[in-house]
**Student:** 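Structure in structure tokens, see below.
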Amino acid sequence: MIDSHCHLAGKEFADDLQDVVHRAIAAGVTAALVVVAADDDAEYERAHRVSQAWPQVRFAIGVHPHAAGKYGDDPPEASRLTDLKLQAERDARAVGEIGLDYHYDFAPRDVQQAVFREQIRLARRRRLPLVVHTREAEDDTFRILAEESVGEVGGVFHCFTGDRAMARRALDIGFHLSLAGIVTFPRAFELHEVAKLVPLDRLLIETDSPFLAPVPHRGTRNEPAHVTRVAEAIGQLRGTDGAAIGQAARENFERLFRP
Ligand SMILES: [Zn+2]
Ligand SMILES: [Zn+2]
């Protein structure tokens, strides 16, 4: 199976990257989409080491809503920077993660929106799918996606934690839903319902490593090997096995990101 969203170029993995990759491969995880912050040069440098350690990885590059504040005076600068990094990285396959985060509000909302919009335009110019991060910003996210005609490129709502109505909204605009370790939590009742309703051809699975470790690894650093737990949990909810979920998610990954 494939981990469709992780931060393996993060400093959390700098010391034992090769071990992490070996554990992933031993668990049957053959590839991953690694998210790189366009505004973080150190992370971008480490992305090259990730490629060497695991040649099957592909990259999503973008300015995260948490970092949008840096571009308050000049939102197009965020997409220029993302564009430069995309150009230089031959294994880049998506623009992301980009979006809106009104839970933390680390950047003013109008700036988050402008930076999001500029990068959607970039994705359309480059014909790359989007990896969208959205938290407590549902209406603005869908409004901007519609205004920017995002149907042309498509994409995924990563680490989806919305309710069934939001899931249907995302599916209606042609997007994929990616579920993370939260689906393994016993009390995530609404997310369990979402896991049952997503059509098998729109489902992706991810770890969001190093964050959000699934049961029984909660509270520790997460890593791509644990995406198997996400697949198993979804399989259980849908009355099938983890391998079938992993296989479907892999096919969807290959269609969306053309790795
Ligand atoms: Zn995110
Ligand atoms: Zn992430």
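It should be emphasised that the depicted structure is a prediction, and the values quoted were computed from it without experimental measurement. All ligand and atom numbering here is 1-based and tracks the order in the structure. Counting from 1, the numbers follow the sequence of the chain as shown.
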**Student:** Using 2.8 Å as a strict upper limit, say whether an N, O or S atom of C159 approaches the Zn ion (ligand 2) that closely.
**Tutor:**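 Not a single backbone or side-chain N, O or S atom of C159 is under 2.8 Å from the Zn ion (ligand 2).
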
**Student:** For the residue pair H7 and F211, categorise the inter-ring angle as parallel (less than 30°), tilted (30 to 60°) or perpendicular (more than 60°).
**Tutor:**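 H7 vs F211 ring planes: perpendicular.
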
**Student:** Show which side-chain atoms of residues 65-73 pair as donor or acceptor with protein atoms under 3.5 Å away, not counting sequence neighbours.
**Tutor:**
unit_1: K70; atom_1: NZ; unit_2: D39; atom_2: OD2; d: 2.5

**Student:** Between the Zn ion (ligand 2) and D208, which N, O or S atom of the residue is the nearest one?
**Tutor:**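 The atom in question is OD1.
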
**Student:** What angle sits at the Zn ion (ligand 1) between ND1 of H133 and OE1 of E97, to 10°?
**Tutor:**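 Vertex at the Zn ion (ligand 1): approximately 90°.
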
**Student:** Can you name the N/O/S atom of H7 that is nearest the Zn ion (ligand 2)?
**Tutor:**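 When I compare the N, O and S atoms of H7, NE2 is nearest to the Zn ion (ligand 2).
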
**Student:** In terms of heavy-atom contacts, does CZ of R80 have more than 12 from other residues, nucleotides or ligands at under 6.0 Å?
**Tutor:**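 It does: R80 CZ has more than 12 such atoms within range.
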
**Student:** Does atom CD (E77) have a neighbourhood of more than 12 heavy atoms from anything else shown, all under 6.0 Å?
**Tutor:**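 For E77, atom CD is crowded (more than 12 foreign heavy atoms under 6.0 Å).
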
**Student:** Within the stated cut-off of 2.8 Å, is an N/O/S atom of H5 closer than that to the Zn ion (ligand 2)?
**Tutor:**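 For H5, the answer is yes, given that an N, O or S atom comes within less than 2.8 Å of the Zn ion (ligand 2).
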
**Student:** Between Y102 and R109, is there a cation-pi geometry (under 6.0 Å to ring centre, at most 45° from the normal)?
**Tutor:**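 Checked: cation-pi criterion met.
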
